[in-house]
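Worksheet for the structure shown next.
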2 protein chains.
Amino acid sequence: MPTIEDVARAAGVSLSTVSYALSGKRRISEATRLRVERAARELGYRPHAGARALASSRSDVIALAVPFRPGLDVQIVMQFVAGVVAAARTHGRDVLLLTADDPEEVARVAASSTADAVVVMDVASDDARLPALRALPVPSVLIGVPDDTRGLSCVDLDFTAAGRLAVSTLAEAGHTTIGLVSASATRLAEGANYAVRMRAGALAGAAAHGVELLQVPSEPTFAGGAAAVQEAFTRGPRPTALVVHNEAALGGVVSALERLGLRVPADVSVVAVAPSEIAAALPIRLTTVEVPGQRIGRIAVEMAMQRMGGDDTAETRLVAPALLDAEVSVARCAAQPA
Amino acid sequence: MPTIEDVARAAGVSLSTVSYALSGKRRISEATRLRVERAARELGYRPHAGARALASSRSDVIALAVPFRPGLDVQIVMQFVAGVVAAARTHGRDVLLLTADDPEEVARVAASSTADAVVVMDVASDDARLPALRALPVPSVLIGVPDDTRGLSCVDLDFTAAGRLAVSTLAEAGHTTIGLVSASATRLAEGANYAVRMRAGALAGAAAHGVELLQVPSEPTFAGGAAAVQEAFTRGPRPTALVVHNEAALGGVVSALERLGLRVPADVSVVAVAPSEIAAALPIRLTTVEVPGQRIGRIAVEMAMQRMGGDDTAETRLVAPALLDAEVSVARCAAQPA
DNA sequence: CTTCACAGTCGAAGCGCTTCGCCATCCAGA
DNA sequence: TCTGGATGGCGAAGCGCTTCGACTGTGAAG
């Protein structure tokens with residue numbers, strides 16, 4: 001492998017000149033710079049990442065901690081990952097993937113200068129990793145908002161607003177009894193804060209519009225979604241609309257509605273809260289409150305870059321929800337009978 | 001951050017002794033070693049990754065190239081990724097995630113000593129990245145088997161055997177007309193070699209048993225699977241069994257069968273070729289030829305480790321397929337009418 | 001009592017890069 | 001002609017680690 005010295009020799013300049021010419025950190029005459037660049041190109045020179053990291057104390061690597069827990073929704077996670085990697089590359093950073101659900105791993109890559117920032121996914125309200133993250137010698141950005149955000153940078157969809165938006169959309173179309181197919185009771189209890197916040201927003205929206213909200217937790221599976229529909233339409237007051245915030249159950253919900261002979265939106269209105277890609281893969285098109293995974297991943301990286309740049313004010317950013325395909329699966333039904 | 005020098009001072013030994021004590025590369029007396037380890041622990045010492053990489057010319061990082069192409073089956077990919085990351089960690093390696101479908105990226109991390117091995121996923125028969133991979137200054141392992149494997153290490157499920165196994169299982173249960181719900185025609189044409197090999201195996205199995213194989217390509221979506229079922233059961237000879245090698249369409253297939261009033265396995269037998277996790281998430285249990293993503297990912301890392309260890313013989317490993325839940329969704333029907 | 005092997009430790013030379021301070025030029029202004 | 005600020009480039013000092021050769025003391029062998 002050619003080193004910077006080979007380039008210097010080929011270009012007839014000193015080591016430091018090559019470094020400055022390639023990094024642009026000092027003025028180098030046009031002519032010299034071109035000569036250096038040409039030599040580098042012809043030799044196929046690539047700076048040794050380790051040497052550079054050692055000398056500059058920056059690794060240009062961002063660690064991404066994605067705990068591969070059972071029950072994790074892979075589809076969603078990949079959206080975030082894709083956003084993170086893409087954004088990192090536009091900043092010339094590589095992404096190191098950590099999958100162990102162990103703060104020690106994150107501490108290791110941070111303390112060994114393997115990575116100079118950390119993005120942590122799937123953060124729970126009361127996440128066990130929080131103390132470790134606060135103690136990190138490098139900036140971190142959490143995707144998800146824990147209860148106590150002191151000293152931590154966080155970003156997520158504004159799920160509260162998303163819940164409110166979903167319910168409002170339906171309420172304004174005239175629905176008065178709305179079912180919320182949410183995460184499983186277990187997940188809710190575990191403090192999966194997105195689910196909790198979503199529910200709070202939905203409840204607030206229901207209260208504001210004076211409509212009834214039926215909570216129907218669902219397992220994150222096809223069968224779970226089907227069972228949730230079964231439950232929603234056979235027990236207690238019958239909803240005329242559904243908000244589904246459970247990507248893995250979405251397919252089951254749609255399929256079960258069809259099996260019950262319920263047409264969307266004629267017989268029942270449905271609003272999905274999901275990444276648009278997942279909604280698009282369904283057999284029917286649904287009105288969707290988008291969970292913009294890629295965008296959030298991208299923002300997480302931007303926030304990390306900012307903090308690497310010296311701005312050490314922790315900040316929580318909540319991305320405003322947007323409605324896709326509005327009206328596609330939401331029917332007006334002001335006079336709908338119970 | 002404490003350096004090796006701090007540890008040496010705290011333990012009252014020289015720099016090199018610390019290095020040897022912690023790495024075990026030379027004999028160090030028990031007493032000294034314990035003293036060093038204690039000092040390191042108490043100081044919270046972590047070797048600087050860059051410095052180590054520079055001095056030892058090993059980064060202890062494995063690059064994983066996963067082209068995030070549209071239409072990629074995220075579920076499957078994650079299986080492989082999980083296997084790669086887990087195996088890498090057991091070898092003390094971290095994983096750098098590359099998602100650009102560009103050999104330049106791989107070349108960059110290899111040439112800059114950012115990674116000292118590369119695992120490349122989703123390799124096509126005639127993959128454009130092949131020349132670049134052959135020219136890499138570090139070992140590479142491909143997941144997937146291109147047409148020309150010269151000089152390349154490859155690993156994958158033995159899809160030919162898998163196809164044969166799926167068809168044989170059904171043929172031996174008495175089926176004589178079998179539908180193969182495969183990847184889309186586009187994918188097949190693109191040279192998605194797993195699909196091609198699978199089909200070849202299935203055809204071979206059909207020929208060997210003297211049964212008829214109906215090919216039904218399907219888009220990798222729920223709707224695609226449903227459409228494929230529709231096509232299989234309304235056009236031409238009616239199959240009594242289905243082999244489904246299209247994970248994303250699997251849900252649609254099952255749902256469509258149900259809608260047509262076809263019971264599994266009473267009316268139609270079904271064998272899925274899919275990761276067990278995906279099969280398990282379906283509303284019904286299916287006989288499954290497992291695509292052991294995690295295992296293959298793990299093997300890829302083992303192969304990379306081996307080549308890093310100096311063994312530079314390229315090798316192609318095909319993992320034998322296994323049948324899960326045999327008989328669950330395959331009915332005997334030797335006397336089934338056409 | 002020397003000699004020798006060997007276990008255990010140390011010193012120092014890099015690994016390839018960044019970056020700081022400094023030195024030449026060169027030209028404008030006095 | 002001299003001064004002084006740009007401008008462009010150079011030299012050298014590290015960054016923190018690994019690793020090679022060499023050194024020391026110890027006990028066994030001669």
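So that the names make sense, note that chain A is the first sequence line, chain B the second, and so on, each numbered from 1.
Applying the 6.0 Å contact sphere to CZ of A/Arg150 captures no more than 12 heavy atoms from other residues, nucleotides or ligands.
Rounded to whole Å, atom P of D/dC17 lies 14 Å from atom CG of B/Asp60. Counting to the nearest Å, the P atom of D/dC17 and the CZ atom of B/Arg58 are 15 Å from each other. Distance CD1 (A/Ile4) to P (C/dC15): 14 Å, rounded to an integer number of Å.
Between A/Arg9 and A/Glu5, at least one side-chain nitrogen of the basic residue sits less than 4.0 Å from a carboxylate oxygen of the acidic one, meeting the salt-bridge criterion. For the pair B/Glu104 and A/Arg46, the salt-bridge criterion is met [side-chain N within less than 4.0 Å of a carboxylate O]. Electrostatic pairing of A/Arg134 and A/Asp148 counts as a salt bridge here, judged by a charged N lying under 4.0 Å from a carboxylate O. Using a 4.0 Å cut-off between a side-chain N of Lys or Arg and a carboxylate O of Asp or Glu, B/Glu37 and B/Arg33 qualify as a salt bridge. We find that B/Asp94 and B/Arg89 are joined by a salt bridge, their nearest charged nitrogen and carboxylate oxygen being less than 4.0 Å apart.
Less than 4.0 Å separates DNA chain C from at least one heavy atom of each of the following residues of residues 33-57 of chain B: B/Leu54, B/Ala55. Of the residues in residues 12-28 of chain B, B/Val13, B/Ser14, B/Ser16, B/Thr17, B/Tyr20, B/Arg26, B/Arg27, B/Ile28 come within less than 4.0 Å of DNA chain C through at least one heavy atom, sorted by number.
The closest donor-acceptor contact from the side chain of A/Arg93 to the backbone of A/His91 lies under 3.5 Å.
Taking the side chain as every heavy atom from C-beta outward, B/Leu72 and B/Pro67 never approach each other to under 4.5 Å.
How far CD of A/Gln306 is from CD of A/Glu315: 6.0 Å, rounded to the nearest 0.5 Å.
Rounded to 10 degrees, the angle between the two end axes of the helix from C/dC1-D/dG30 to C/dA30-D/dT1 is 60°, with five pairs used at each end.
When each of B/Val319, B/Asp156, B/Leu157 is tested with B/Val291 by the rule side chain to side chain contact (heavy atoms under 4.5 Å, CB included), just one qualifies, namely B/Leu157.
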